[in-house]
Amino acid sequence: MKQNSTLAGGSYGTKIADLYIVHNLAAVNGTSRHIYHAMPPVGWMNDPNGFNEAFGKFHLFYQFYPFGAAWDSMHWGHFTTQDFVKWKLEPTALAPDGKEDSGGCFSGCSVIKDGKMYLMYTSVMPDRQTQSLAVSEDGIHFEKLGVVISGNDLPKGCLKSEFRDPKIFRRGGYYYLLAGAMSEESEGMLLLYRSSDLMKWKFVNVIRRDNLTTRGIYECPDFFELGGTDVILASPQGYQTDDWRYENVQSSIYMLGKLDAERGVFEKQYEDEIDGGLDFYAPQTLKTSDGRIVMIAWMQMWQRTFPTAKHGWTGAMILPRELTLKNGRLYQSPVREIERYRWNAVRFANIKLSGETALTKVNGTKIELLFTLELGDAQRVGIKIYKAGEHDARIYYDRARDRVIFDRSRMGIEIAHDAKEKDASVRSVKVDTSKGLLEMRIFLDVSSCEVFLNGGERTMTGNVYSEGDGISFFAEGGNARLISLEKYDIVV
Ligand code: FRU
């Protein structure tokens, strides 16, 4: 079953990747590099993979192309962390050097069984995508075991060339696996499989099939249980826009309901977008040993131009988020560990906003801001970040539209986007402002911005490439009030 001979501690392909990393690290331009987000040492990063807790630490694998800052033949890069804030680079875990994966080792998950770590990933060939296993005794060096789910295990009418991104979970003494697929009529699908040993898999049922995905499949499914509710995450390509939801060329959705795994039927009770910003895709979760569901995601979007590519790297992960259910909706908050890195607190209270207001010592690009606005009678009230001269990004409440807007159109550079996307600069969400208040918690990390609204009722994530570190608050067309503000430097 072994596909490729392994050197002590890794295949030829992973060794070449690691040598390349060592020799090219110094050539990466640091201008836009984050300080507390996972990002590739060199080259390209997309989806998180194999996110798990094992061997006394958290593991984050990711879609990785070391040899250039654009998507190409996929490896699995690897980080470990104790706190989701500081990331330790580990040897590259998988390279496309096997018989069945010469077209790439695409996304997947990891499972711990009998003290070993198994990676389940998609092996890619020009005409087929199959699901393969690799195993490790130490969670660092992996040996490929070969294909365990092939095109022959697909239900009738599915394309063998679009079948990927396995996510395994436990239920009722079995392993279950969700994967994305596509029907011959180009409908996106989610398929469920069952196994008792990870090696032999049996198709259970189609969990979802529809024609909403106009240009692809449900990529990167994820599954977890939260207080008795079953939650499925998925990242559909070309999902239909629904008013202000799903405006990116590829979206990420969550579905709440009840999964009857034995029959393979998911009774959906609610569905919504996970993040209303510009750069969020392919989320994956783990359950920590202290019982939290923690989600990570790619902090980028497909089919756009990537401003950092010229610096020798592209792509990063969000600051991981804790997920909870509140009023039948998914709430997100940044992992609590980030609060250990707060320094130099600055506090303000009760500031009248009319026009633009800058506050002493409230600036920076590696910071956390937590504030509550009283919306008053202003037409627009919010904050400008990454501000220098004419350039900034804005997050504000717009009364006429009753939405919170994330607007990076003035950041100073243009990001080209897919023709099917309305733009790559402005997104909006609706939140509860019925009490005339809006709370924002914002994390900036050199070129990123993550916004948590009203304690995680909605989030908006977007990268901002600007030279500025200025911050100001503003109210237009009326008055508003900054009820309270905390600002911290994040020092790692
Ligand atoms: C999602 C995705 C996955 C695939 C991987 C390839 O972003 O397209 O479906 O496994 O990226 O890098």
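Keep in mind the model is a prediction, meaning the values are calculated, not measured. Every number for a ligand or one of its atoms is a count from 1 in the order of the listing.
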Is any side-chain N of the basic residue among K144 and D101 closer than 4.0 Å to the acidic one's carboxylate O?
yes
Is the shortest heavy-atom distance from the side chain of F142 to the side chain of V135 under 4.5 Å?
no
With a cut-off of 4.0 Å, which atoms of ligand 1 are near a heavy atom of Y281?
1 (C), 7 (O)
Below 4.0 angstrom from a heavy atom of Q63, which ligand 1 atoms are there? Numbered from 1 as shown, please.
5 (C), 6 (C), 12 (O)
Under 4.0 Å between heavy atoms, the region of W298 that gets near ligand 1 turns out to be neither
Mode of A282 contact toward ligand 1 - side chain, backbone, both, neither (heavy atoms, under 4.0 Å)
neither
The atoms of ligand 1 lying under 4.0 Å from a heavy atom of M74, numbered in the order shown, are 12 (O)
Which word best sums up how the rings of Y239 and Y246 line up, parallel for under 30°, tilted for 30 to 60°, or perpendicular for over 60°?
perpendicular
Name the orientation class of the two ring planes belonging to Y176 and Y174 (parallel below 30°, tilted from 30 to 60°, perpendicular beyond 60°).
perpendicular
Identify the protein heavy atom lying closest to atom 10 (O) of ligand 1, giving its residue, its atom name and the separation to 0.1 Å.
D165 OD1, 2.6 Å
Within ligand 1, which atoms have a heavy atom of W302 less than 4.0 Å away?
1 (C), 7 (O), 11 (O)
Do E219 and ligand 1 have an N or O pair less than 3.5 Å apart?
yes
Among all protein heavy atoms, pick the one closest to atom 7 (O) of ligand 1 and tell me residue, atom and distance.
D47 OD1, 2.7 Å
Out of curiosity, is T122 lining ligand 1, as in a heavy atom under 4.0 Å away?
no
Would you say that W244 contacts V429 through its side chain, given a criterion of any heavy-atom pair below 4.5 Å between the two side chains?
yes
Per-atom contacts of ligand 1 with S107, taking only distances under 4.0 Å to non-hydrogen atoms
5 (C), 10 (O)
If only atom types and distance count, is the side chain of N24 paired as donor or acceptor with the main-chain N or O of I21 below 3.5 Å?
no
Distance-only, no hydrogens or angles: does the W313 side chain make a donor-acceptor pair with backbone N or O of M45 under 3.5 Å?
no
Would you say Q284's side chain and G50's backbone share a donor-acceptor pair under 3.5 angstrom?
yes
